[in-house]
Amino acid sequence: MLNELYQEIIVDHGRKPRNFAVSTQANAILEGFNPLCGDRLTVYITEKNGVVDNITFQGSGCAISMASASLMTEAIKGKTIAQAKELFQLFHQTIMGKKNTATIEQLGKLSVLTGVTEFPSRVKCATLAWHTFMGALNHQQQTVSTENEQ
Ligand code: ZN
């Protein structure tokens, strides 16, 4: 039952991604690419006084990559940069299979993606938006590629 619900949320966000737009106000923009699957997206962040005031994305890819990006924007919009980085760490550790119940609870809706842990090739789909987000925060200019991820 739980898996079905998770599946539904992923399909919903994959088909109708939230915050799916180019942002002209963004002060950090970066492109991410997952060559294994062909997922490609651009993340637009508007950072104001240490807070993620707005975050949007655009791109195309599989349902997992689009749903993950969509859920990410919902999860970190309005959070401080520190909180967003903390959430990235939690999400990343969980999806890499180092999860425990505490982190699942802290992840909220993002936990719907933890099912991909068993499928290493899909892990890159789920983490693409997050690595792109982190790269943008670090003012990286070069396209983020999941090929360089361990
Ligand atoms: Zn993908």
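When a ligand or atom number is given, it counts from 1 through the structure's own listing order. We're numbering straight along the sequence, starting at 1.
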Could you check whether F57 and F20 have their ring centres less than 6.0 Å apart?
yes
Indicate whether the side chain of Q58 and that of T42 have a donor and an acceptor atom separated by less than 3.5 Å.
no
Going by chain and residue number, what protein N/O/S atoms come nearer than 2.8 Å to the Zn ion (ligand 1)?
C37 SG, D39 OD1, D39 OD2, C62 SG, C125 SG
Considering the options T132, T146, T127, which one meets the side chain to side chain donor-acceptor pair (under 3.5 Å) requirement together with N34?
T146
Are a donor atom and an acceptor atom from the side chains of N54 and T46 found within less than 3.5 Å of each other?
no
Is the shortest side-chain N to carboxylate O distance from R122 to D39 below 4.0 Å?
no
Which word best sums up how the rings of F133 and W130 line up, parallel for under 30°, tilted for 30 to 60°, or perpendicular for over 60°?
perpendicular
